[in-house]
Protein chains: 2
Amino acid sequence: MLHSPVLEALGRRITGGALPAGATLTLDGIGAEFGVSRTVAREAMRLLEGLGLVRSGPRVGIVVLPHDAWNVLDPRVIEWRLAGPGRASQLRSLTELRQAVEPLAASCAARGATAAVRDELVATARRMRELGEAGKGDGEEFLALDIQLHELLMRSSGNELFSALADVVAVVISGRTHLGLMPAYPEPEALDAHEAVALAVARGDGAAAEEAMARIVREVRGALGEGPAGKG
Amino acid sequence: MLHSPVLEALGRRITGGALPAGATLTLDGIGAEFGVSRTVAREAMRLLEGLGLVRSGPRVGIVVLPHDAWNVLDPRVIEWRLAGPGRASQLRSLTELRQAVEPLAASCAARGATAAVRDELVATARRMRELGEAGKGDGEEFLALDIQLHELLMRSSGNELFSALADVVAVVISGRTHLGLMPAYPEPEALDAHEAVALAVARGDGAAAEEAMARIVREVRGALGEGPAGKG
DNA sequence: CCTCACCTATTGGTGACACCATTATGCCGT
DNA sequence: ACGGCATAATGGTGTCACCAATAGGTGAGG
C-alpha cells in the first residue's frame with residue numbers, strides 16, 4: 001500500500017490547516033514530493049476525495065475543500081484533527097457528541113447486553129474503583145479500563161451506529177487524558193457514576209443507566225469548559 | 001468519473017447482502033462486468049476499501065468484509081442500506097441516533113443560532129402548521145419543510161459533528177415518509193412540538209427546545225415500533 | 001496420509017500514451 | 001477601448017503493457 005503515507009501526510013496537512021481551503025495540488029507534484037507514480041498519487045487523491053477533503057477537476061488540479069465539506073465523522077479525519085492544532089476545539093465537539101449518544105447507548109445496553117457483558121462491565125467498574133482509590137487513577141491501566149467500559153457499553157447497545165462511535169469515544173477518552181485535561185486523580189463522583197452505570201446495566205435498569213451516564217458525560221464536559229464547541 | 005457507477009453498483013450489492021461477507025471479487029472480473037479497465041476497477045475498489053466494505057490483498061482478490069467493519073456512518077453507506085433490504089431496521093438504528101442527537105442539537109441551537117435562523121425556524125414551523133391543518137400534511141411540500149426545519153436546527157447547533165449528521169436526519173425523514181411509515185396526516189401533537197422547538201430556539205430557551213425535540217423524536221420512534229434496532 | 005516445493009493466479013505498482021474538459025489567452029470586430 | 005468568440009495550454013481521466021511480489025492450490029515424494 002504505497003498510497004498510505006501519501007494519504008496520511010496530505011490528510012494531516014489539510015485537516016491541520018497547512019493546506020487551506022482553495023489550495024491546489026497536482027498529481028505530478030504529489031508524485032514528485034513523495035516519490036510515487038501518478039497512479040498512486042491518484043489513488044491517494046481518490047481516498048481524500050472520498051473523505052470530502054478535496055475535489056478534483058480537469059485543468060483546476062486538486063482543490064482543497066472548506067472544512068464544512070469534510071466527512072468529520074470519519075475515524076481517519078477525527079484522528080488527524082485530534083493530532084493537529086485545534087485539538088481542544090475538536091475534543092469539545094466530540095465530547096458534545098458523546099453527551100448526546102452515550103446516555104442513550106447505556107440505556108439500550110441495559111436492555112440488550114448479554115450476561116457476559118454485564119458481568120464484565122461490573123468487574124471493570126470495580127477495578128476502576130480499586131485503582132482510583134489506590135491512587136493509581138492517573139496511569140495507563142486506569143485509562144484502559146475507562147475506555148474498555150465505555151466501548152463495551154457502546155458495542156452492546158444493539159445499535160450498530162452507536163457501535164461505530166465506540167472508536168470515537170475511545171479516542172476522545174484517551175485524548176483527554178493525554179492532553180492533560182483529566183483531573184490528576186479521578187473524582188469520587190466519577191467513580192461512583194461509572195459503577196452506577198455498570199450496576200444499572202447489569203440489573204437491566206435502562207433509566208438509571210442513562211441517568212448515571214449523563215452524569216459522567218456532564219462532568220467531562222464541565223472539565224472541558226462550557227464554551228460552545230468551535231470549528232477548528 | 002467512470003468509477004462512480006462501479007462504486008455504486010458494488011456498494012449496493014454488498015450493503016444489500018447480494019455479496020455476503022467472505023465473497024471475493026477480482027479486478028478483471030469487475031472490469032469485465034462493467035466494461036472498464038483494471039485501473040478504474042482498482043479505484044472503485046479503493047473507495048470501497050475506504051468505506052470498510054472490502055479488503056484486498058494479493059492472490060486473495062477483493063474480499064467482502066463483515067458488516068461490523070463497515071463505515072456505517074458514512075452517508076453513502078447509509079444511503080445504500082436505506083435503498084436495499086433491511087431498510088426498516090436501518091431506519092430504526094438511524095432514528096435511535098436521531099433520538100440521541102437532535103434534542104441536544106436543539107438545545108445548542110437555542111444558544112448559538114443567528115437571528116435570521118431563529119426567524120426562519122419560526123416561519124417554517126408556522127408554514128408546517130398551516131399545511132398540516134389544511135390537510136396537505138402528506139405532500140412533498142410538507143416533507144420539504146419538515147426536513148428544512150430539522151436541518152436548520154442541526155446546522156445551527158454550532159457543532160460541526162451535528163451539522164454533518166444533518167444529511168442523515170434529512171434522509172431519515174424523507175425515507176420515513178416515502179416508506180409509508182408516516183401517519184397520513186401529521187398528528188396535532190407533532191405540529192405543536194415542531195412549533196414549540198422553533199419558538200424555544202427563537203427565545204433562546206435551550207431546555208424547552210431540548211424537551212420539545214425529545215417529544216418529536218420519541219413520537220417518531222414510537223411509530224417505528226419499539227423493538228431493538230436490528231443489524232440488517 | 002502428510003509435507004514440502006513449485007506453479008500460477010491476482011493484486012501492487014510503474015510509465016507511456018491518447019483523450020477530453022476547462023480555463024486562460026489573445027485575436028478580431030464593434 | 002471593450003466585449004465576445006476561437007484557440008491553445010494545462011492537467012485530470014482512462015487504457016494498456018509490463019514487472020514484482022505473494023499467497024494459495026497442486027502435485028510429487030516420503
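Within every chain, numbering begins at 1; the chains are lettered A, B, ... in the order of the sequence lines, protein sequences first and strands thereafter.
Side-chain contact between B:Arg76 and B:Arg12: absent, with no pair of heavy atoms (C-beta onward) separated by less than 4.5 Å. Under the 4.5 Å side-chain criterion, counting only non-hydrogen atoms from C-beta, A:Phe162 is in contact with B:Glu96.
Applying side-chain contact (heavy atoms from CB on, under 4.5 Å) to B:Leu48 and the options B:Ile62, B:Val64, B:Leu10 leaves one that passes, B:Leu10.
Of the residues in residues 26-34 of chain A, A:Thr26, A:Leu27 come within less than 4.0 Å of DNA chain D through at least one heavy atom, sorted by number.
Of the possible polar contacts, one joining the B:Thr15 side chain to the B:Gly11 backbone as a donor-acceptor pair under 3.5 Å is found. Although no hydrogens or angles enter the test, the distance criterion places a donor-acceptor pair under 3.5 Å between the side chain of A:Arg87 and the main chain of A:Gly84. Between the A:Arg155 side chain and the A:Leu152 main chain, no donor and acceptor come within less than 3.5 Å of each other. At least one donor-acceptor pair under 3.5 Å links the side chain of B:Arg118 to the backbone N or O of B:Ala113.
Scanning all heavy atoms of the two residues, the minimum distance from A:Val220 to A:Thr95 falls at CG1-CG2, 3.7 Å.
Taking every nucleotide of DNA chain C with any atom under 4.0 Å from a non-hydrogen atom of chain B, the first and last of them, 5' to 3', are C:dA9 to C:dG13.
The phosphate of D:dT13 (OP1 or OP2) has a side-chain N or O of A:Ser56 nearer than 4.0 angstrom.
In this entry the distance linking CD1 of A:Ile62 with C1' of D:dG12 reads 8 Å, nearest Å. Rounded to an integer number of Å, the gap from B:Arg59 CZ to D:dT22 P is 15 Å.
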- Message: Run A:Glu102 and A:Leu153 through side chain to side chain contact (heavy atoms under 4.5 Å, CB included) and show every step you take.
- Response: CA-CA 8 Å; A:Glu102 284 208 78; A:Leu153 269 170; 5.5 Å; no

- Message: Could you go through A:Arg46 and A:Glu43, starting from their C-alpha distance and side-chain angles, then the distance that decides it, and tell me whether this counts as side chain to side chain contact (heavy atoms under 4.5 Å, CB included)?
- Response: CA-CA 5 Å; A:Arg46 283 269 187 269; A:Glu43 284 179 356; 5.5 Å; no

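Judged by closest nucleotide on DNA chain C, B:Gly61 is the one of B:Gly61 and A:Pro58 placed further toward the 5' end.
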Check nucleotides 14-19 of chain D for protein N or O atoms closer than 3.5 Å to its own N or O atoms and list the pairs.
from	atom 1	to	atom 2	distance (Å)
D:dG14	OP1	B:Met1	N	3.2
D:dG14	OP1	B:Leu2	N	2.2
D:dG14	N7	A:Arg42	NH1	2.9
D:dT15	OP2	B:Ser37	N	3.1
D:dT15	OP2	B:Ser37	OG	2.5

